[in-house]
J.: 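Questions regarding the structure given below will be posed in turn.
Each chain gets a letter, A, B and so on, in the order the sequences are listed, and its residues count up from 1.
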Amino acid sequence: MKRWWLAAVAVWLAASGCAKEETEQKQSLQGADWMRAQTFGTAKGAVLDQGPAERAVASLRQRDDVREVVAVNSGERLLVAYQIPHLKRWKRKKIEKEIAERLRAMFPGYDVVSSSDLKIFWKTKDLKTKMEKKRWDERDLQREIGRIEKLSKEQT
Amino acid sequence: MEVRRSVLAMFFWAFVVGGLICVIGQLLMDVFKLTPAHTLTILVVAGAILNGLGLYEPLIDFAGAGATIPITSFGNALVHGAMQEAEKHGIVGVLTGMFEVTSAGISAAIVFGFIGALLFRPKG
Amino acid sequence: MANEKRKKLTPVQQEYHLFEKERETKRPIVRNCACAFLVGGTICAIGQAISYFYMYFFDFTEQTAGNPTVATMVFLSMILTGLGVYDRIAQFAGAGSAVPVTGFGNAVISAAIEHRTEGFVLGVGSNMFKLAGSVILFGTFAAFVIALVKTVATQWGGL
Amino acid sequence: MLKGHRTWVFANKPAIIATAVVGGPFEANGRLADEFDLLHEDLWLGEVSYEKAHRVLLEEAAFQALEKAGLQKEQVQFFIAGDLINQMTPTSFAARTLGAPYLGVFGACSTSMEGLALSAFITNYGGADYILTGASSHNTAVEKQFRYPTEYGGQKPPTAQWTVTGAGVAIVSPKGDGPRVTAATIGRVVDMGMADPFNMGGAMAPAAVDTIEAHLRDMQVDASHYDLIVTGDLGRIGRQVSLDLLRQHGIEIDEERYQDCGLLIYRDGQPVLSGASGAACSAVVVYGHLLNRMRRGELKRILAVATGALLSPLSFQQNETIPCIAHAVAIEYGGEA
């Protein structure tokens with residue numbers, strides 16, 4: 001029986017060692033109904049101007065190599081997350097590059113972050129859902145976007 | 001709905017691609033009568049070469065764990081780490097960056113190998 | 001490999017080889033491949049599930065979920081190896097359980113367990129990589145050569 | 001007395017006065033479970049290493065046999081035995097326990113009959129009153145030595161064989177009752193260039209054929225002289241190959257009377273692939289099952305041909321082929337003896 005305890009401790013260590021920041025863990029997706037949440041469109045209840053995000057979504061929706069898009073902006077930060085149809089994932093790197101260039105051209109003054117990563121997509125969508133529910137002041141929003149941006153740049 | 005579909009597609013392709021890589025291994029063992037050690041060595045080198053040709057990363061994008069779980073990804077990750085570091089530090093990075101990405105597999109094997117030796121004995 | 005060896009054989013030996021070959025139980029290649037496909041595919045699907053788990057509940061992206069997934073798979077491999085199950089699966093699955101990273105883990109862990117009777121330093125320590133060592137050696141060396149060629153090509157060839 | 005080229009005929013017909021066989025859990029599930037004197041449920045035998053367990057197997061078999069023969073261990077003049085592990089430590093350590101003068105012999109899986117032939121020769125010429133001879137092997141200790149760690153998931157091809165866990169010993173004496181050793185043919189090394197360590201049966205078959213042919217020629221008898229010709233551990237493939245090879249060489253053998261220890265010991269359902277192997281395989285089946293059948297009067301004359309593959313992990317890795325050997329011993333009980 002002692003063996004099992006040790007094994008359980010090892011699992012726990014492995015799991016907890018991987019969660020880097022407690023705070024981020026809390027903001028994870030528990031509770032958010034990510035599968036049924038509305039995909040297109042922008043946060044209606046938001047007081048903050050989501051015009052650039054809406055335009056980015058509208059622009060990317062026209063592409064046939066993008067299946068879903070979700071975007072959030074705040075200040076001069078624009079965060080765009082999208083999903084690529086599975087069979088087009090072979091060209092994922094190329095598509096990502098194209099979209100990044102296109103968005104940068106569309107929003108010259110903005111610090112644009114775009115990603116096709118599923119985790120970034122979930123997080124962005126989650127953020128948008130939260131924006132609909134409660135008022136966010138700009139600084140909080142900025143910080144949250146910054147956090148997602150950092151996550152999307154992690155390599156290993 | 002859409003996300004669920006892409007998750008399911010990922011499972012499907014992970015299964016298929018991972019399974020096919022294993023079939024290649026099986027053919028190496030059965031048709032060419034190679035030992036498992038030879039087979040795995042060939043696959044690792046193949047993974048490194050595929051990365052060199054720029055083919056392995058798209059495969060990972062497409063098949064997810066179907067490409068990262070087979071041992072071929074080990075060769076891929078070694079090259080990947082080396083290249084990443086080489087971009088930053090030039091030619092010296094080739095040597096220093098090699099285990100940057102792969103460390104998880106090896107260190108997990110070492111740590112769990114030792115824990116295993118503490119906990120278990122061979123059943124036969 | 002086999003052909004090169006055969007050339008060195010005397011005619012009597014060659015004749016016997018053919019004689020024996022006819023009576024040898026053939027390896028069921030098709031069946032083996034099917035098993036390898038199913039088991040290998042399943043292991044990869046489990047890996048995919050684990051990496052979704054890490055992405056969903058923790059802050060890992062598709063890129064970064066790879067490492068904890070591999071570590072978890074090796075952990076599972078340790079449990080199955082220690083309980084004496086992995087070698088049974090392998091007899092059925094062949095390459096299906098050898099090629100995924102769990103097979104790499106199994107190679108390390110089985111050697112570590114096996115040589116425990118010779119002590120932790122001389123037994124476990126020095127025998128741990130007796131099977132998996134060649135994978136690391138050739139993987140690393142191949143990666144070194146390839147990365148070197150590629151770096152030289154892009155840095156000097158590209159300019 | 002030498003007869004022909006390499007056959008000894010024992011005029012005094014030394015007797016096998018007692019035998020004992022010990023087995024492991026896998027053998028306990030086998031077809032011959034009833035023929036064992038002692039079966040272990042635990043592969044470790046309560047020891048801390050498989051090599052120690054290996055030694056204990058041989059010790060137990062030796063003490064069982066002594067008890068059956070009503071002898072003290074001091075009465076044993078020579079102990080002739082061997083196994084497959086590096087430098088034969090399990091046997092040598094068992095010899096340390098026994099304290100008897102000891103000759104370690106190595107013939108891979110043919111060790112059992114090599115030991116029996118030598119014991120019969122020595123006792124026949126008055127060299128000893130009692131000789132203890134035997135062979136042992138332990139599945140996982142041998143796997144560890146020759147192949148991979150036991151928990152390593154390497155798929156074995158259908159040509160592979162399963163190493164027997166067990167030990168079989170016999171006490172040979174010039175006087176006394178029991179099956180008698182009448183002749184022995186010493187094998188020579190035959191190498192047909194086979195190199196696959198997972199196909200021992202195919203590699204060893206020519207050696208068995210060579211020895212059987214030599215024996216029949218030297219003794220000037222044909223195969224029907226024996227009620228049973230039993231090979232050591234050729235397995236399914238080796239048995240078929242050797243049978244066909246014998247027929248090709250013009251030796252007619254009744255298929256029913258040509259058996260293999262490696263096929264007798266386990267049940268059909270057990271995952272042994274091509275059959276059993278290991279030094280204990282022939283020792284356990286001959287000293288247990290077959291001599292019991294002789295004592296029951298079911299068999300009168302048998303020829304036991306133990307086969308051995310003389311390879312090491314080193315030689316295999318250096319791309320050497322597998323040299324093989326077989327030793328034959330003729331045993332009689334009842335009849336005109």
Side-chain angles (χ1 to χ4, degrees), chain B residues 7 10-11 14-23 25-27 29-33 36-37 39-41 43-45 48-49 51-52 64-66 68-71 74-75 78-79 82-83 86 90-91 94-95 98 104-106 108-110 112-117 119-124, chain C residues 1-2 27 29 32-33 36-45 47-48 51-52 66-71 73-75 78 81-82 84 94-96 98-101 103-105 108-109 112-114 116 120 124 128 131-132 134-136 138-140 142-144 146-151 155:
Chain B
V7 167
M10 196 54 127
F11 272 116
F15 182 88
V16 171
V17 171
L20 286 176
I21 294 175
C22 292
V23 169
Q26 187 72 43
L27 289 173
M29 290 195 326
D30 276 355
V31 178
F32 298 96
K33 300 265 171 81
T39 308
L40 295 187
T41 305
L43 287 175
V44 165
V45 174
I49 292 171
N51 180 295
T68 57
I69 294 295
I71 199 74
F74 190 72
L78 285 164
V79 179
M83 291 308 296
I91 207 105
V94 171
L95 209 56
M98 211 124 50
I106 295 178
I110 293 175
F112 291 135
F114 189 65
I115 294 175
L119 295 181
F120 301 108
R121 38 186 221 168
K123 294 276 185 298
Chain C
M1 185 178 98
R27 297 188 188 210
I29 295 180
N32 279 353
C33 284
F37 179 76
L38 288 177
V39 177
T42 306
I43 292 176
C44 291
Q48 188 65 51
S51 81
Y52 275 136
N67 277 344
T69 304
V70 164
M73 295 299 278
V74 172
F75 174 76
M78 173 191 86
T81 305
V99 171
V101 73
F104 176 79
V108 174
I109 293 154
I113 294 174
E114 183 85 356
R116 186 194 170 173
F120 284 110
V124 178
M128 199 177 226
L131 288 168
S134 62
V135 170
I136 298 179
F138 285 98
T140 309
F144 175 72
I146 289 165
L148 197 66
V149 169
K150 226 178 154 182
T151 312
Q155 286 196 339

J.: Under a 4.5 Å heavy-atom cutoff, which of B:L27, B:I49, B:V17, B:T41 has the most pairs with chain C?
T.: B:T41
J.: Which residues pass the salt bridge (Lys or Arg N to Asp or Glu O under 4.0 Å) test with C:R27, not counting sequence neighbours?
T.: B:D30
J.: Under a 4.5 Å heavy-atom cutoff, which of C:S51, C:G105, C:G94 has the most pairs with chain B?
T.: C:G94
J.: Which heavy atom of B:V94 sits nearest a heavy atom of C:A147, and at what distance?
T.: CG1-CB, 3.8 Å
J.: So what's closer than 4.5 Å to chain B heavy atoms on C:T42: side chain, backbone, both or neither?
T.: both
J.: Heavy atoms only, distances under 4.5 angstrom: which of C:F104, C:F120, C:Y52 has the most pairs with chain B? Name it, please.
T.: C:Y52
J.: Sort C:V124 into side chain, backbone, both or neither according to what part of it lies under 4.5 angstrom from a heavy atom of chain B.
T.: side chain
J.: Does some side-chain heavy atom of C:I146 sit less than 4.5 Å from a side-chain heavy atom of B:N51?
T.: no
J.: Could you report the tightest heavy-atom contact between B:G18 and C:C44, atom names first, then the distance?
T.: CA-SG, 3.4 Å
J.: Give, as side chain, backbone, both or neither, the part of B:M98 having an atom under 4.5 angstrom from any heavy atom of chain C.
T.: side chain
J.: Do the non-hydrogen side-chain atoms of C:I113 and B:L119 ever get within less than 4.5 Å of each other?
T.: no
J.: Side chains of B:T68 and C:T69: does their closest heavy-atom pair fall under 4.5 Å?
T.: no
J.: If I take atom CE from residue B:M29 and atom CD1 from residue C:I29, how far apart are they, to the nearest 0.5 angstrom?
T.: 11.0 Å
J.: Minimum heavy-atom separation for B:G105 to C:V74, with atom names?
T.: O-CG2, 4.5 Å
J.: Quick one: does B:F114's side chain get under 4.5 Å of C:M128's, heavy atoms only?
T.: yes
J.: With chain C, which of B:P36, B:G90, B:A37, B:P122 has the greatest number of heavy-atom pairs at distances under 4.5 Å?
T.: B:P122
J.: Looking only at atom types and distance, does a side-chain atom of C:Q48 sit under 3.5 Å from a main-chain N or O of B:F11, one as donor and one as acceptor?
T.: no
J.: Find the one option among B:V31, B:I106, B:V23 whose heavy-atom pairs under 4.5 Å with chain C are most numerous.
T.: B:V23
J.: Does the side chain of C:I136 come within less than 4.5 Å of B:F74's, by heavy atoms?
T.: yes
J.: Work out which heavy atom in C:A112 is nearest to a heavy atom in B:A117; give both atom names and the distance.
T.: O-CB, 3.8 Å
J.: Could you tell me if the side chain of C:F138 sits less than 4.5 Å from the side chain of B:V44, heavy atoms only?
T.: no
J.: Taking atom CE of C:M73 and atom CD1 of B:I69, what is their separation to the nearest 0.5 Å?
T.: 4.5 Å
J.: Tell me if a side-chain donor or acceptor on B:Q26 pairs with a main-chain N or O of C:A95 at a distance below 3.5 Å.
T.: yes
J.: Which bit of B:T39 comes within less than 4.5 Å of chain C, counting heavy atoms only: side chain, backbone, both or neither?
T.: neither
J.: If you take all heavy atoms of B:A108 and C:A71, which pair is closest and at what distance?
T.: CB-CA, 3.8 Å
J.: So which of C:A142, C:G82, C:A36 has the biggest tally of heavy-atom pairs under 4.5 Å with chain B?
T.: C:G82
J.: At their closest point, which heavy atom of C:T151 faces which heavy atom of B:A86, and how far apart are they?
T.: OG1-CB, 3.7 Å
J.: Using a cut-off of under 4.5 Å on heavy-atom pairs, state which of C:V70, C:T140, C:I109, C:L131 scores highest against chain B.
T.: C:T140
J.: Is it the side chain or the backbone of C:V108 that comes within 4.5 Å of chain B heavy atoms, both, or neither?
T.: side chain
J.: So which part of B:L43 gets closer than 4.5 Å to some heavy atom of chain C, the side chain, the backbone, both or neither?
T.: side chain
J.: If you count heavy-atom pairs under 4.5 Å between each of C:G66, C:G103, C:G96 and chain B, which one has the most?
T.: C:G96
